[in-house]
Amino acid sequence: AQSVTQLGSHVSVSEGALVLLRCNYSSSVPPYLFWYVQYPNQGLQLLLKYTTGATLVKGINGFEAEFKKSETSFHLTKPSAHMSDAAEYFCAVSDLAGGGNKLTFGTGTQLKVEL
Amino acid sequence: ETGVTQSPTHLIKTRGQQVTLRCSSQSGHNTVSWYQQALGQGPQFIFQYYREEENGRGNFPPRFSGLQFPNYSSELNVNALELDDSALYLCASSSTGGAYEKLFFGSGTQLSVL
């Protein structure tokens with residue numbers, strides 16, 4: 001079974017500071033990995049994904065993530081936080097063995113951006 | 001192009017009742033998935049439908065059932081509601097259901113069971 005662990009349920013940064021949200025996964029097969037963002041009272045929106053190829057993945061809104069197989073990690077970063085980045089962020093892994101695109105999500109990290 | 005829409009947005013039921021939630025998938029998408037998101041948790045996969053057939057199910061009891069219609073819209077039915085069923089129910093669609101695909105989520109239905 002695949003799983004995702006997000007370290008830190010709440011992260012607070014100052015506007016302009018580096019954002020680092022941590023995600024570690026467990027998978028018996030090469031994983032497909034995703035980061036989704038959820039703004040209040042809205043559904044989830046894809047930020048970026050890793051399937052194959054280049055391990056550094058760039059997404060929307062200036063976010064990027066690096067797939068590190070040796071560390072089983074897929075941490076999300078953004079060089080400079082903006083107030084509009086305040087939201088909940090979910091890391092997810094796709095269940096390749098089960099077919100379809102069933103995602104297993106982590107418990108989420110709430111990002112707060114302070115002035 | 002219309003996005004994923006869910007109805008109703010909020011619902012209050014009492015324990016033991018039955019509920020039906022509805023989802024219209026994004027135009028051109030033939031795969032619909034349902035997720036349950038309890039307060040403070042990540043979404044949990046309930047099941048997926050591909051071209052009107054169930055195509056994968058998570059660890060949910062049989063009282064959670066679903067349908068997908070020829071226009072690829074979908075329903076989630078929950079029988080014999082329990083207090084723990086209180087959650088945000090999210091519907092997501094994708095074009096073919098591939099494991100690499102982006103999911104397009106609706107804003108969800110907030111279900112409260114009293």
Side-chain angles (χ1 to χ4, degrees), chain A residues 1-10 21 23-25 27-54 57 59-60 67 87-110, chain B residues 2-7 9-10 21 23-26 29-51 53-60 66 68 87-110:
Chain A
Q2 292 161 298
S3 66
V4 170
T5 302
Q6 291 185 242
L7 292 175
S9 58
H10 292 81
L21 305 182
C23 172
N24 288 88
Y25 69 90
S27 176
S28 57
V29 298
Y32 290 168
L33 295 160
F34 304 79
W35 276 100
Y36 280 83
V37 60
Q38 187 175 33
Y39 298 101
N41 302 315
Q42 294 187 27
L44 282 73
Q45 178 183 3
L46 180 69
L47 277 177
L48 50 79
K49 63 178 179 178
Y50 169 78
T51 54
T52 58
V57 180
I60 62 171
F67 169 63
E88 186 146 30
Y89 292 79
F90 293 94
C91 182
V93 60
S94 189
D95 182 359
L96 300 181
N101 51 13
K102 167 190 172 183
L103 292 181
T104 299
F105 285 89
T107 52
T109 297
Q110 186 72 45
Chain B
T2 57
V4 177
T5 58
Q6 294 186 241
S7 63
T9 54
H10 294 83
L21 310 182
C23 172
S24 293
S25 59
Q26 182 150 318
H29 288 184
N30 60 24
T31 303
V32 172
S33 303
W34 287 90
Y35 287 81
Q36 180 195 66
Q37 185 178 15
L39 191 64
Q41 300 297 315
Q44 281 198 290
F45 176 75
I46 303 175
F47 44 58
Q48 180 180 83
Y49 281 84
Y50 172 70
R51 294 186 173 182
E53 297 286 329
E54 188 178 290
N55 180 35
R57 187 179 182 91
N59 189 26
F60 280 81
Q68 188 179 31
L88 180 68
Y89 288 84
L90 295 166
C91 170
S93 73
S94 62
S95 56
T96 64
Y100 52 88
E101 281 193 326
K102 171 181 177 180
L103 294 183
F104 292 78
F105 283 85
S107 299
T109 294
Q110 184 67 56

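What you are looking at is a predicted structure, and each value in this text was computed from that prediction instead of being measured. Chain A is the first sequence line, chain B the second, and so forth, proteins listed ahead of strands; every chain is numbered from 1.
Counting heavy-atom pairs closer than 4.5 Å to chain B, the top-ranked of the candidates A/L46, A/V4, A/L33, A/T51 is A/L46. Listed options B/P43, B/G42, B/C91, B/S94 were ranked by heavy-atom pairs under 4.5 angstrom with chain A; first place goes to B/P43. Interface remark: of the candidates B/G108, B/S107, B/G106, B/S107 forms the most heavy-atom pairs closer than 4.5 Å to chain A.
For a residue to count as touching a neighbouring chain, one of its non-hydrogen atoms must lie under 4.5 Å from one of that chain's; by this rule B/F47 does not touch chain A. Using a 4.5 Å cut-off between heavy atoms, A/Y32 touches chain B through its side chain atoms alone. The part of B/L88 that comes within reach of chain A is its side chain, from C-beta onward, which places non-hydrogen atoms under 4.5 angstrom from that chain. Interface remark: A/Q110 contributes no atoms to any contact with chain B (heavy atom separation under 4.5 Å). Proximity to chain A (any heavy atom under 4.5 Å) is shown, for B/Q6, by neither the backbone nor the side chain. With a threshold of 4.5 angstrom between heavy atoms, A/Y50 does not approach chain B through any atom at all.
Here the side chains of A/S94 and A/F34 are in contact, with some heavy-atom distance below 4.5 Å. Taking 4.5 Å as the limit, some side-chain heavy atom of B/Y50 sits within range of a side-chain heavy atom of B/N30. Side-chain atoms of B/L103 and B/Y35, non-hydrogen and from C-beta on, do get closer than 4.5 Å to each other. Annotation: side chain of B/F60 is in contact with side chain of B/Q36 (closest heavy-atom distance under 4.5 Å).
The neighbour count for A/I60 CD1, taken as heavy atoms of other residues, nucleotides or ligands under 6.0 Å away, is above 12.
With respect to B/S95, the side chain to side chain donor-acceptor pair (under 3.5 Å) criterion is satisfied by exactly one of B/K102, B/H29, B/E101, B/Q26: B/E101.
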inquiry  = Before you tell me yes or no, could you show the steps for A/S27 and A/Q2 under side-chain hydrogen bond (donor to acceptor under 3.5 Å, both in side chains), namely the whole-Å CA-CA distance, both residues' side-chain angles and the distance that decides it to 0.1 Å?
reply    = CA-CA 5 Å; A/S27 176; A/Q2 292 161 298; 3.1 Å; yes
